[in-house]
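This report concerns only the one structure given below.
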Number of protein chains: 2
Amino acid sequence: MLRISKMTDYATVLLARLAAAPDRQLTATQLAAQSHLGAPTVSKVLKQLHRRGLVSSTLGLRGGYRLARPAAEITAAQILDALEGPVALIECARQTHQCSIESTCGVGRAWQRVNLAIRRSLQEITLLELAGLGGEPVRFAALERALRGGRAERT
Amino acid sequence: MLRISKMTDYATVLLARLAAAPDRQLTATQLAAQSHLGAPTVSKVLKQLHRRGLVSSTLGLRGGYRLARPAAEITAAQILDALEGPVALIECARQTHQCSIESTCGVGRAWQRVNLAIRRSLQEITLLELAGLGGEPVRFAALERALRGGRAERT
DNA sequence: GCAATATAGTACTAAAATAGTCCTATATAG
DNA sequence: CTATATAGGACTATTTTAGTACTATATTGC
Ligand code: FES
Ligand code: FES
């Protein structure tokens with residue numbers, strides 16, 4: 001249940017590598033070799049990450065990629081959004097809800113709460129933690145809170 | 001990000017309908033009409049729900065479906081599992097992890113914790129709440145108040 | 001027994017999403 | 001000017017998901 005795409009998985013791996021070498025500039029080829037992933041695929045992911053502002057790039061010879069900001073300021077939610085867009089748990093949970101059976105079901109509202117809770121938990125996980133660099137354990141306080149409270153979100 | 005399949009969505013709708021009529025037996029055709037969904041699809045979903053023990057069925061004339069147990073004892077996690085199986089957030093999070101780059105990445109562990117947290121949250125949502133039948137807003141608000149004093153939020 | 005109704009199981013087809021590749025353009029260092 | 005590297009987009013292949021169809025079996029009521 002609840003898979004993330006391979007591309008997103010790759011993205012976290014690549015970002016973790018960049019996080020481990022914050023002052024260096026790594027090329028797509030280098031990252032592909034380090035990660036044992038295909039070079040074209042890695043390139044594609046990095047391009048997407050650049051589009052979404054998670055990495056900065058330098059063109060030309062001696063170019064490459066680095067994190068656009070410190071690993072502690074990049075969250076799992078941002079990575080997910082960057083690769084998969086703001087798709088929600090179910091169609092009904094999207095802002096423009098045009099579910100055909102909405103009037104008769106009433107389930108959508110509850111799923112939205114679940115969706116919200118998950119988003120909140122993902123916003124508390126930083127790349128630092130994903131990369132295993134932070135030392136602090138992953139926390140899920142917000143998840144617990146959101147599940148019970150169900151407050152509004154702004155993202 | 002993090003979609004559930006349409007089938008799972010349908011399942012919650014159908015289960016919610018069954019939950020709303022706990023003492024009646026509804027046929028697939030009736031449920032399809034109520035939910036404005038295709039009859040073959042509804043039938044398929046119900047068969048799967050029966051296989052996974054979430055609904056009980058009666059064969060033959062005057063047959064139909066009903067919940068296998070009270071709505072309060074059916075959780076969102078169970079519904080998800082019934083329709084989509086125990087697939088995890090990423091391949092690496094599965095019990096039989098055979099990720100090819102596992103040795104070099106170290107990201108898997110953190111995702112596993114995210115995965116676990118999401119599962120736990122889904123286990124706390126019951127069908128009663130999904131169906132909008134429980135008194136859940138009060139209960140959640142009270143719990144939140146009791147638990148308040150948590151930690152700060154991050155974007 | 002027999003016909004009608006309804007679920008059970010399974011196999012198949014169609015459609016959509018995802019993954020991966022390739023090509024062209026552009027920027028930079030030397 | 002050339003080699004290297006990213007940027008963007010188009011394309012194909014694969015996989016997953018959704019939906020349909022068909023056969024078998026159980027139950028009711030005549
Ligand atoms: S399935 Fe869309 S609102 Fe319920
Ligand atoms: S991507 Fe599989 S263990 Fe990291």
Side-chain angles (χ1 to χ4, degrees), chain A residues 1-11 13-14 18 24-33 35-68 80 82-85 87-91 100-101, chain B residues 1-11 13-14 18 24-33 35-68 80 82-85 87-91 100-101:
Chain A
M1 41 149 270
L2 289 183
R3 289 196 311 278
I4 61 176
S5 71
K6 280 192 191 179
M7 291 303 183
T8 306
D9 194 5
Y10 297 161
V13 172
L14 297 173
L18 289 173
R24 290 182 54 203
Q25 185 126 280
L26 296 172
T27 70
T29 306
Q30 287 174 319
L31 285 165
S35 311
H36 304 108
L37 297 171
T41 299
V42 165
S43 180
K44 180 180 185 175
V45 171
L46 287 168
K47 278 183 263 188
Q48 181 66 14
L49 287 173
H50 176 255
R51 253 177 237 134
R52 306 304 294 257
L54 294 188
V55 302
S56 64
S57 67
T58 309
L59 293 172
L61 189 59
R62 304 179 64 115
Y65 294 95
R66 59 179 57 197
L67 293 183
L80 273 274
L83 273 290
E84 310 188 10
V87 187
L89 210 58
I90 52 172
E91 288 301 312
S100 55
I101 65 173
Chain B
M1 41 151 269
L2 289 181
R3 291 196 309 279
I4 63 176
S5 70
K6 280 193 192 179
M7 291 303 180
T8 306
D9 195 5
Y10 297 161
V13 173
L14 297 172
L18 289 173
R24 289 183 53 206
Q25 185 127 279
L26 297 172
T27 69
T29 307
Q30 288 174 319
L31 285 166
S35 311
H36 304 108
L37 298 171
T41 299
V42 165
S43 179
K44 179 182 185 174
V45 171
L46 287 168
K47 279 184 262 187
Q48 181 66 13
L49 287 172
H50 176 255
R51 252 177 240 135
R52 306 304 295 257
L54 294 188
V55 303
S56 64
S57 67
T58 309
L59 293 172
L61 189 60
R62 297 188 177 271
Y65 294 94
R66 60 178 56 198
L67 293 184
L80 272 274
L83 272 290
E84 309 188 10
V87 187
L89 210 58
I90 52 172
E91 289 300 312
S100 56
I101 64 171

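Fair warning: this is a prediction, and the values are worked out from it, not measured in the lab.
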Would you say the side chain of B:Leu83 lies within less than 4.5 Å of the side chain of B:Leu49, judging by non-hydrogen atoms? yes
So, using side-chain hydrogen bond (donor to acceptor under 3.5 Å, both in side chains) as the criterion, who are the partners of A:Arg51 when residues are at least two apart? A:Gln48
Is A:Tyr65 close to A:Gln30 at the side-chain level, that is, under 4.5 Å between some pair of heavy atoms? no
Looking at C:dT18, I'd like to know if its phosphate oxygens (OP1 or OP2) sit under 4.0 Å from a side-chain N or O belonging to A:Tyr10. no
Can you confirm whether B:Leu14 sits close enough to B:Leu26 that some side-chain heavy atom of one is under 4.5 Å from a side-chain heavy atom of the other? no
With the threshold set at under 4.0 Å for non-hydrogen atoms, list the residues of residues 43-50 of chain B touching DNA chain D in residue-number order. B:Lys44
If you take any heavy atom closer than 4.0 Å to DNA chain D, which residues from residues 54-64 of chain B end up in contact? B:Leu59, B:Gly60, B:Leu61, B:Arg62
Residues that B:Lys44 engages under side chain to side chain contact (heavy atoms under 4.5 Å, CB included), provided they are two or more places apart: B:Met7
If I compare all heavy atoms of B:Gly63 with all of B:Thr27, which pair ends up nearest, and what's the gap? O-CG2, 3.5 Å
With sequence neighbours left out, write down each residue that passes side chain to side chain contact (heavy atoms under 4.5 Å, CB included) with A:Arg62, or none if nothing qualifies. none
Name every residue in residues 24-33 of chain A that has at least one heavy atom under 4.0 Å from any atom of DNA chain C, in order of residue number, or write none if there are no such residues. none
In Å and rounded to the nearest 0.5 Å, what is the CG to CG distance from A:Leu18 to A:Leu46? 7.0 Å
Those residues at least two apart in sequence (or on a different chain) that pass side-chain hydrogen bond (donor to acceptor under 3.5 Å, both in side chains) with B:Thr58 are B:Gln25
Give me the atom names and distance for the closest heavy-atom approach of B:Leu80 to B:Thr8. CD2-CG2, 3.8 Å
Outermost DNA chain D nucleotides near chain B [under 4.0 Å, heavy atoms]: D:dA18 to D:dG29
With sequence neighbours left out, what residues match B:Thr41 under side-chain hydrogen bond (donor to acceptor under 3.5 Å, both in side chains)? none
Residues that B:Ser43 engages under side-chain hydrogen bond (donor to acceptor under 3.5 Å, both in side chains), provided they are two or more places apart: none
